[in-house]
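Step one of this worksheet: look at the structure below.
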Amino acid sequence: MAALQTRALSKSYGSRLAVDRLDLEVERAELFGFLGPNGAGKTTTIRMALGLIAPTNGSVEILGLDVRRHRSEVLPRVGALVESPALYGYLSGRDNLRVIGSQLGRVSEKRIDEVLEIVGLKGRDRDRVRTYSMGMKQRLGLGIALLNNPELLILDEPANGLDPAGIVEMRDLLRNLAAEGKTVFISSHVLSEVQQICTRVAIINHGRLVRLAPVAELLQDGGEFEVKVDQPDELVAALKRQQWGGEARSEDGLVITAAPDGRGRSLIKFLVDNGFTPDAVSARHRDLEEIFLTLTEDPVK
Ligand SMILES: Nc1ncnc2c1ncn2[C@@H]1O[C@H](COP(=O)(O)OP(=O)(O)O)[C@@H](O)[C@H]1O
Ligand SMILES: [Mg+2]
């Protein structure tokens, strides 16, 4: 059973389709990245997933239950941080957790201590929230999401407003939570924030799913290879005569090229068949940022 599943999920505002037939499946205990440029439809999707707004079409299941039909069963099992958390600035961090805890119904002082510990606010929990840095507020927001010890965490741009040190802290925190078996769904428009922690990512643009894949696969595919041979110039010339080899070039003595069907073994076979016995052939890693830009750039009309 998936932790989160959307089926043909759509939302339109007037004539604008903010989310367009989105199919997502997030497995349990997965750290899943939900990526897209600003305006792509991330927050709208998350709001629908949490039952805060109604879809125009399609459905969302959380932990196997339809969110709209089983709201009261589902929501206590989910923790969420959507955009900036609403905090009481004149109250301490601990009192914020108490107030929100009482709204959730029975959250023990022991749980509040645990949460303060997890989000690293133990020493500052009696200080008023208005004296907190952006990063501390964001961590308190995460603390609120953790109060009911949820199985699924849905975090909308949790790194927003954090400085580089805060981003590292947030990353470690999310990794620990996933290691404990929680499912973490995190949205971002900044790839580098999720590249290092997420196992799989979905990339959306204009409300549509562009790609859903393991990060490692994204880094590989459509990629090029580096070939070390004794005769780089001859090889480049031979590659350029192939339909798939038009982009072949030599850089620092290495030949950079695509492969016949995208696979390294096909390239090696081509090399050997054509008398270029390679010393080494390796997949060239593209920057995830580059892939993201390629996938989200608007097609030339
Ligand atoms: N309440 C709303 N009314 C009208 N349009 C909206 C509303 N909320 C979002 N949109 C539009 O839907 C699209 C997706 O927005 P959003 O989900 O906030 O994107 P993201 O979170 O990826 O930046 C945008 O074009 C945005 O302007
Ligand atoms: Mg958003």
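Predicted, not measured: the structure shown is a model, and the values here were computed from it.
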If Ile, Leu, Val, Met, Phe, Trp and Tyr residues are connected whenever their side-chain heavy atoms lie under 4.5 Å apart, and connections chain through other members, are [X] and [Y] in the same group?
X: Met134; Y: Leu140; value: no
X: Ile118; Y: Leu81; value: yes
X: Leu147; Y: Leu174; value: yes
X: Leu254; Y: Val236; value: no
X: Leu153; Y: Met1; value: no

Checking the side chain of Lys122 only, and the main-chain atoms of Leu116 only, is there a donor and an acceptor separated by less than 3.5 Å?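 Not a single qualifying donor-acceptor pair exists.
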Ignoring hydrogens and geometry, is there a side-chain-to-backbone donor-acceptor pair from Ser92 to Asp127 under 3.5 Å?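 Side chain of Ser92 to backbone of Asp127: no pair is present.
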Measure the spacing between [atom1] of [X] and [atom2] of [Y] and express it to the nearest 0.5 Å.
X: Leu50; Y: Leu75; atom1: CG; atom2: CG; answer: 7.0 Å
X: Leu173; Y: Arg139; atom1: CG; atom2: CZ; answer: 8.0 Å
X: Arg21; Y: Thr6; atom1: CZ; atom2: OG1; answer: 13.0 Å
X: Thr45; Y: Asp20; atom1: OG1; atom2: CG; answer: 10.5 Å
X: Ile256; Y: Arg249; atom1: CD1; atom2: CZ; answer: 5.5 Å
X: Asp230; Y: Asp233; atom1: CG; atom2: CG; answer: 12.0 Å

Begin with the C-alpha distance, continue with both residues' side-chain angles, and end with the deciding distance and a verdict on side-chain contact (heavy atoms from CB on, under 4.5 Å) for Val67 and Met48. CA-CA 9 Å; Val67 171; Met48 289 190 280; over 6 Å; no
Is a salt bridge present between Asp95 and Arg128, judged by a nitrogen-to-oxygen distance below 4.0 Å? no
Is any side-chain N of the basic residue among Glu151 and Lys182 closer than 4.0 Å to the acidic one's carboxylate O? no
Residues that Lys269 engages under side-chain contact (heavy atoms from CB on, under 4.5 Å), provided they are two or more places apart: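 Listed in chain order: Asp273.
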Can you list everything that forms a side-chain contact (heavy atoms from CB on, under 4.5 Å) with Lys137? Sequence neighbours excluded, please. Leu87, Val129, Tyr132
Under the side chain to side chain donor-acceptor pair (under 3.5 Å) definition, can you give me all pairs with a residue in residues 35-44, not counting sequence neighbours?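 Listed once each, the pairs are Thr43-Asp156.
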[X] side chain near [Y] side chain, heavy-atom distance below 4.5 Å:
X: Pro37; Y: Asn205; value: yes
X: Pro158; Y: Leu142; value: no
X: Asp172; Y: Glu169; value: no

The criterion is ring pair (Phe, Tyr, Trp, His ring centres under 6.0 Å); which residues satisfy it with Phe185, sequence neighbours excluded?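 Here the qualifying residues are Phe32, Phe34.
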Hits for ring pair (Phe, Tyr, Trp, His ring centres under 6.0 Å) against Phe276, two or more places apart or cross-chain, chain-then-number order -> none
At their closest point, which heavy atom of [X] faces which heavy atom of [Y], and how far apart are they?
X: Arg208; Y: Leu22; answer: C-CD1, 4.5 Å
X: Ala202; Y: Leu209; answer: CB-CD1, 3.8 Å
X: Leu4; Y: Ala49; answer: CD1-CB, 4.2 Å

Please test Val215 against Thr199 for side-chain contact (heavy atoms from CB on, under 4.5 Å), starting from the C-alpha separation and ending with a verdict. CA-CA 6 Å; Val215 171; Thr199 38; over 6 Å; no
Apply salt bridge (charged side-chain N to carboxylate O under 4.0 Å, His left out) to the pair Glu109 and Arg111, showing each step before the final yes or no. CA-CA 5 Å; Glu109 205 62 13; Arg111 180 61 190 161; over 6 Å; no
Indicate whether any N or O donor in one side chain lies under 3.5 Å from an N or O acceptor in the other, for Asn57 and Lys11.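 Short answer, no.
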Just by distance, no angles: are the side chains of Gln5 and Glu25 close enough, under 3.5 Å, to form a donor-acceptor pair? yes
Checking Arg69 now: which residues fulfil side chain to side chain donor-acceptor pair (under 3.5 Å) with it, not counting sequence neighbours? none
